[in-house]
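Counting starts at 1 for both ligands and their atoms, in listed order. Note that the structure is a prediction, hence the values are computed from the model and not measured.
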Amino acid sequence: MVTAVYPGSFDPATYGHLDVISRASLCFDRVVVGVLHNSAKSPLFSVEERVNILKEAVKDLTNVEVKAFDGLSVNFARENGAQVIIRGLRAVTDFEYELQMAQTNRVLAPDVDTVFLTTSLEYAYLSSTIMKEVACFGGDIRKFAPEGITEALLKKIQEK
Ligand code: ADP
């Protein structure tokens, strides 16, 4: 039984994240999505909101769980009995940072491997940051995330 964790900020999740999660759910027996508290990045949504948004979006994937976490991804992996950390790669720009993180994590936890899933081409440009920027300026974000997420984002922006 191979468990994989997929750590990230998910502020909020996009179709790019959901694509990685659904593909990972086919590759691994169990996938635990880890939503990082990450106060350093001052997220738009609270960690509870980001977890609830993701839970709703992946509710049909029976081997996927969503949890909040704080601290190191390798510790989150160990706490969940995971042998694998999943990360998504969009473009060359992601690569340098992701390689450094994967190598650091391997030093910290030689028993946990990082597996990269390359983005589906239609989502290669997509990030939570881009989606939030477009939403702030009144653009149509329906191609970036499912309705539950786009509605939550528009509501959050109106409240701010
Ligand atoms: P972090 O702050 O850890 O980068 P993100 O929520 O931005 O958190 O991203 C989590 C993971 O999802 C990262 O590995 C990132 O590269 C990946 N990811 C983000 N957007 C996409 C996308 N459009 N396609 C594939 N992977 C993506």
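Tyr125 OH: more than 12 foreign heavy atoms inside a 6.0 Å radius. Around the NZ atom of Lys67, the shell of radius 6.0 Å holds more than 12 heavy atoms that belong to other residues, nucleotides or ligands.
Connection of Val134 to Leu126 is established within a shared hydrophobic cluster, with ILVMFWY side chains joined at heavy-atom distances below 4.5 Å, either directly or through further cluster members.
In this structure, atom 14 (O) of ligand 1 lies nearest to the protein heavy atom Gly88 N, 2.9 Å. Of the protein's non-hydrogen atoms, the one nearest atom 21 (C) of ligand 1 is Arg90 CD, 3.5 Å. Considering only non-hydrogen protein atoms, atom 8 (O) of ligand 1 sits nearest to Ser9 N, 3.0 Å. For atom 2 (O) of ligand 1, the closest non-hydrogen atom of the protein is Lys41 NZ, 2.5 Å. Of the protein's heavy atoms, Arg87 NH1, 3.1 Å lies nearest to atom 3 (O) of ligand 1.
With ligand atoms numbered from 1 in the order given, ligand 1 contributes 6 (O) to contacts under 4.0 Å with heavy atoms of Phe10. Every atom of ligand 1 with a heavy atom of Leu126 under 4.0 Å away is listed here by number and element: 20 (N), 21 (C), 22 (C), 23 (N). Each of the atoms 25 (C), 26 (N) of ligand 1 lies under 4.0 Å from some heavy atom of Val20.
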Please list every donor-acceptor pair under 3.5 Å in which a side-chain atom of residues 147-160 meets a protein atom from a residue at least two apart or in another chain.
{"unit_1": "Thr150", "atom_1": "OG1", "unit_2": "Glu147", "atom_2": "O", "d": "3.0"}
{"unit_1": "Lys156", "atom_1": "NZ", "unit_2": "Glu49", "atom_2": "OE1", "d": "3.0"}
{"unit_1": "Lys156", "atom_1": "NZ", "unit_2": "Glu49", "atom_2": "OE2", "d": "3.0"}

Query raised in the report: salt bridge (charged side-chain N to carboxylate O under 4.0 Å, His left out) between Asp11 and Lys132: does it pass, once the steps are laid out?
Result: CA-CA 9 Å; Asp11 185 38; Lys132 286 183 280 191; 2.9 Å; yes

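Taking all atoms of both residues into account, the shortest heavy-atom contact from Leu61 to Ser25 is CD2-OG, 4.1 Å.
Ligand 1 has a nitrogen or oxygen under 3.5 angstrom from a nitrogen or oxygen of His17. Considering backbone and side-chain atoms alike, Ala124 places every N or O at 3.5 Å or more from each N or O of ligand 1. Taking only nitrogen or oxygen atoms, main chain and side chain alike, Thr119 reaches within less than 3.5 Å of ligand 1.
In this structure, Tyr123 and Tyr15 have parallel ring planes: the angle between them is below the 30° cut-off, well short of the 60° mark.
Heavy atoms of Tyr6 approach ligand 1 to within less than 4.0 angstrom. Taking a 4.0 Å cut-off on heavy atoms, Thr14 fails to register as neighbouring ligand 1.
Applying the salt bridge (Lys or Arg N to Asp or Glu O under 4.0 Å) test to pairs two or more places apart or on separate chains, those with a residue in residues 105-125 are Arg78-Asp111, Arg106-Asp113.
Side chain of Asp70 to backbone of His37: no donor-acceptor contact under 3.5 angstrom is found.
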